[in-house]
Amino acid sequence: MIASTFRHIPDLRKRLRASVSPWLILLAAGQSFAAGPSNWTQTNEADFRTGTFVNVVATNLGDLKLSRATKTLLEQDARVSSVYALAQTPDGTIYAGTGPSGIVLKINDDKVETAFTIENCVGVFSLAVDGDGRLLVGTGGEKGIVYRVDKPGEKPVELFSSDDVQYIWSIKVASDGRIFAATGPNGQLISISPDDKPRVLFDSTESNLLSLAFDGMTTLYIGSDPNGIVYKVHAVSGKAFVLYDAEETEVSALALDVAGNLYAGTGAEVTESGEGEASTEQTGRPEDATSGIPIPSAPAGDQPPDPNPGRPEPEPRAEKGANEKQEMPDDAEPDGEAPADKEVKNDVAVDLSAPDHGSSGNANDETPAQGNAIYRIDPAGFVTEIFRQPAMVLSIVEQRGTLLVGTGSEGFVYQLNPAAEETVVIAKLDPDQVMAMLPAKDGRVILGLANAGGIAAMSEGFATTGTYTSDVLDAKQVSRFGTLQMHGTLPPETAATIQTRSGNLKDANTVDGWSKWSDEKDANTFVSVTTPPGRFFQYRLSLTSNTGKETPAVSDVSIAYQVPNLPPSVKSIKVA
């Protein structure tokens with residue numbers, strides 16, 4: 001009909017020319033044809049990220065899956081804005097260090113109570129348990145202090161304080177009872193011995209030693225601020241080596257695996273304007289990205305009709321001299337020093353044969369890397385970037401070859417499998433920052449949160465139910481919506497359903513501007529859409545797992561739509 005309508009126009013011109021040949025004919029016509037069918041497709045993490053998640057996550061492979069099951073233990077307490085540190089004593093009690101009032105909470109049988117309060121401090125930033133099962137507490141404020149609680153209910157005993165120390169950022173304990181404290185704002189590593197006075201084991205040129213890892217024998221690893229340096233320090237001599245100088249300003253989290261690989265996460269601030277943010281878009285997907293039984297496929301049928309509390313900012317350290325680097329004398333090594341062949345050179349070694357994961361974080365790169373990263377430093381000192389996202393890496397836990405990563409800005413918990421180069425979002429917490437993680441004795445992972453000061457427990461299994469509501473499609477004109485197409489997998493004991501709706505107000509929260517959600521339909525390769533015509537469109541996926549052992553996965557969703565044909569409109573004919 002459209003084509004035949006336009007064929008009439010040249011005939012009209014011929015007749016006019018025949019009767020008024022010397023005249024100039026001017027014709028103005030409105031657009032009279034409709035565009036072909038359009039498709040709105042969501043198929044990767046960046047596409048899905050703009051939707052609303054409830055117990056559902058989008059993986060880096062572009063799949064929508066159920067998240068880990070989480071249980072809120074502490075939702076809101078007016079006294080607590082951040083949970084900075086977690087530790088569990090041999091009797092099973094979990095302790096949480098908080099701010100800004102210096103409160104230490106205790107958790108038994110998922111019941112949260114106040115254990116004690118440290119006066120005159122802005123936060124309890126570190127917790128640890130010594131060989132005798134006693135709780136160690138590191139604070140921050142006008143003066144950073146290390147305390148020990150000999151027995152539950154007793155008053156904490158002060159072990160260390162110094163006028164040069166304002167924050168105790170991290171604590172580790174050796175088997176001989178020595179305590180190591182990473183401090184700020186003067187970048188000192190303090191050694192506290194049971195039978196000797198505390199001493200400065202390593203005095204860096206950095207302002208803050210933020211993170212600490214210990215191999216349990218002779219080697220400490222330290223992450224710093226403001227230059228993002230990773231140090232290797234001998235636990236007896238204090239001799240230090242620079243393992244890596246990251247492009248990012250903070251090395252905020254460290255973890256070691258059984259093979260001796262060190263994982264260093266950076267926590268540089270990511271601004272809302274997008275500065276420093278990295279693109280999360282993934283193109284393509286391995287064909288075996290999902291497993292299980294594919295979503296049923298039925299004939300397509302008719303196609304569409306024509307239609308940051310977080311960590312406080314400490315003051316910078318006192319000047320020691322511009323660009324001054326500490327030199328340790330060669331004879332500083334006492335008996336028992338680690339063999340020379342196990343030392344790592346000061347120069348950064350980069351594994352050029354490793355898979356390309358983006359920028360290595362070298363400060364000399366012409367184009368700075370975006371967001372924050374996790375770097376793997378192997379025992380030989382080779383560095384590989386294994387993770388980068390537009391979020392702050394605030395906590396890392398290593399479990400049987402995988403990493404759990406707590407981040408800030410959106411509250412995602414990632415699971416990394418470095419061997420398989422796989423990154424999966426396994427949980428999203430409403431508080432925006434996952435400051436601390438603790439693998440508890442019952443198999444769960446306890447999460448300390450900031451911005452709302454919450455505590456949550458994450459299980460090993462999947463949530464039994466979850467929903468994903470898409471962002472709003474703007475078709476630009478009132479359109480008819482045709483067949484919805486989707487792909488994914490449905491393992492046994494799992495299910496997925498989908499609903500759709502349309503409207504003429506972009507604000508999806510305006511009820512009277514939208515149609516009702518359609519009845520739930522089982523996931524199928526082709527789903528007939530009964531939603532009435534409208535300019536805006538949404539879909540909602542509901543995922544279920546009867547056992548929590550498997551999860552359905554939806555890898556892509558596509559909706560076909562078309563603007564109805566409009567009759568031709570000839571606005572004017574002028575004869576001159």
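These numbers come from the heavy atoms of this one structure, side chains and all, not from hydrogens, waters or symmetry mates.
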Are the aromatic ring centres of Y263 and Y375 under 6.0 angstrom apart? no

Rounded to the nearest 0.5 Å, what separates atom CD in E421 from atom OG1 in T384? 9.5 Å

Given 3.5 Å as the limit, does a donor-acceptor pair link the side chain of S479 with the main chain of Q477, or not? yes

Look at atom CG of N504 and say whether more than 12 heavy atoms of other residues, nucleotides or ligands are closer to it than 6.0 Å. yes

Does S555 use its side chain to pair, donor to acceptor, with the backbone of H487 at less than 3.5 Å? yes

Which residues pass the side-chain contact (heavy atoms from CB on, under 4.5 Å) test with P100, not counting sequence neighbours? S81

E248/R388 salt bridge by N-O under 4.0 Å criterion: yes

With rounding to the nearest 0.5 Å, note down the distance linking CD1 in I446 to NZ in K441. 13.0 Å

Contact between L543 and V56 at the side-chain level, heavy atoms closer than 4.5 Å - yes or no? yes

Using only heavy-atom distances, determine whether the side chains of N372 and T266 contain a donor-acceptor pair under 3.5 Å. yes

Heavy-atom side-chain proximity of Q433 to M392 below 4.5 angstrom: yes

Between L404 and I426, what is the shortest heavy-atom contact and its length? CD2-CD1, 3.7 Å

Test D110 against R444 for salt bridge (charged side-chain N to carboxylate O under 4.0 Å, His left out), laying out the working first. CA-CA 12 Å; D110 290 351; R444 298 184 301 173; 2.6 Å; yes

Could you tell me whether a side-chain N or O of T407 sits under 3.5 Å from a main-chain N or O of F412, the two making a donor and an acceptor? yes

Do we see a donor-acceptor contact under 3.5 Å between the side chains of N546 and E493? yes

Please lay out, stage by stage, how E460 and R400 fare under the test salt bridge (charged side-chain N to carboxylate O under 4.0 Å, His left out). CA-CA 13 Å; E460 292 185 327; R400 301 180 294 277; 3.8 Å; yes

Tightest non-hydrogen contact, residues D257 and N261, listed as OD1-N, 2.8 Å

How about CD on Q399, more than 12 heavy atoms from neighbouring residues, nucleotides or ligands closer than 6.0 Å, or not? yes

For the residue pair T467 and L541, establish whether any side-chain heavy-atom pair is separated by less than 4.5 Å. no

Anything under 30° is parallel, anything over 60° is perpendicular, the rest tilted; go ahead and classify Y539 against Y468. tilted

Within the side chain of T465, is there an N or O that forms a donor-acceptor pair under 3.5 Å with the backbone of T544? no

Walk me through it: do V124 and T98 pass the test side chain to side chain contact (heavy atoms under 4.5 Å, CB included)? CA-CA 5 Å; V124 175; T98 76; over 6 Å; no

Heavy-atom pair with the smallest gap, counting every atom of V57 and A427: CG1-N, 3.8 Å

Quick one: are the ring centres of Y561 and F537 less than 6.0 Å apart? no

Would you please name every residue forming a side-chain contact (heavy atoms from CB on, under 4.5 Å) with Q538, sequence neighbours left out? T469, S470, V472, R501, A508, W514, W517

Under 3.5 Å: donor-acceptor pair, side chain of K549, backbone of G461: no

4.5 Å side-chain heavy-atom contact, L438 and I94: yes

Do K506's NZ or CZ and the ring of F536 fall within the cation-pi criteria of under 6.0 Å and 45°? no

Describe, in one word, how the ring planes of Y414 and F387 are oriented to each other, choosing from parallel (under 30°), tilted (30 to 60°) and perpendicular (over 60°). perpendicular

Is any NZ, NE, NH1 or NH2 atom of the basic residue among D378 and R376 found under 4.0 Å from an Asp or Glu carboxylate oxygen of the other? no

Locate the shortest heavy-atom distance separating F462 from L66; write the atom from each residue and the value. CD2-O, 3.3 Å

Please determine whether a side-chain nitrogen of the Lys or Arg among R49 and E410 lies less than 4.0 Å from a carboxylate oxygen of the Asp or Glu. yes

Apply side chain to side chain contact (heavy atoms under 4.5 Å, CB included) to I374 and L416, showing your working. CA-CA 10 Å; I374 295 178; L416 274 64; 4.2 Å; yes

So, the side chain of E550 versus the backbone of P492: is there a donor-acceptor pair under 3.5 Å, distance only? no

Please check this pair: side chain of N524 against backbone of V527, looking for a donor-acceptor N/O pair closer than 3.5 Å. no

I want to check something: taking the side chain as every heavy atom from C-beta on, are D225 and V251 in contact at a cut-off of under 4.5 Å? no

Using 0.5 Å steps for rounding, measure from the OG1 atom of T483 to the CG atom of N39. 10.0 Å

Side chain proximity check, L447 to M458, heavy atoms < 4.5 angstrom: yes

Over all atoms of both residues, closest heavy-atom pair of L105 and I455: CD1-CD1, 4.1 Å

For side chain to side chain contact (heavy atoms under 4.5 Å, CB included), just list the numbers for L210 and E250, CA-CA rounded to whole Å, side-chain angles, deciding distance to a tenth of an Å, and then say yes or no. CA-CA 8 Å; L210 293 176; E250 293 186 10; 3.7 Å; yes

Run the numbers on L484 and S558 for side chain to side chain contact (heavy atoms under 4.5 Å, CB included), then give the verdict. CA-CA 6 Å; L484 186 146; S558 180; over 6 Å; no

For residues L73 and V112, report the shortest heavy-atom separation together with the two atoms involved. O-CG2, 3.6 Å

Counting N and O atoms only, with roles assigned by atom type, does the side chain of T59 sit under 3.5 Å from a partner on the main chain of D63, one being a donor and the other an acceptor? yes

Is there a donor-acceptor pair under 3.5 Å between the side chain of S409 and the backbone N or O of A391? no

Under 3.5 Å, is there a donor on one side chain and an acceptor on the other for S502 and T531? no

Checking Q42 side chain against V557 main chain: does a donor-acceptor pair fall under 3.5 Å? no

Atom pair CG/OG of N55 and S67 - distance to nearest 0.5 Å: 4.5 Å

Side-chain heavy atoms of V434 within contact of S395, under 4.5 Å: yes

For the pair R540 and Q499, evaluate side chain to side chain donor-acceptor pair (under 3.5 Å) and give the outcome as yes or no after the intermediate values. CA-CA 5 Å; R540 181 167 66 192; Q499 298 170 278; 3.1 Å; yes

Between the CG atom in L490 and the OG atom in S545, the distance rounded to the nearest 0.5 Å is 11.0 Å

Between the CH2 atom in W40 and the CG atom in L473, the distance rounded to the nearest 0.5 Å is 5.0 Å

Side chains of L262 and L254 in contact at under 4.5 Å (non-hydrogen atoms): yes

Under 4.0 Å between a side-chain nitrogen and a carboxylate oxygen: does that hold for D109 and K111? no

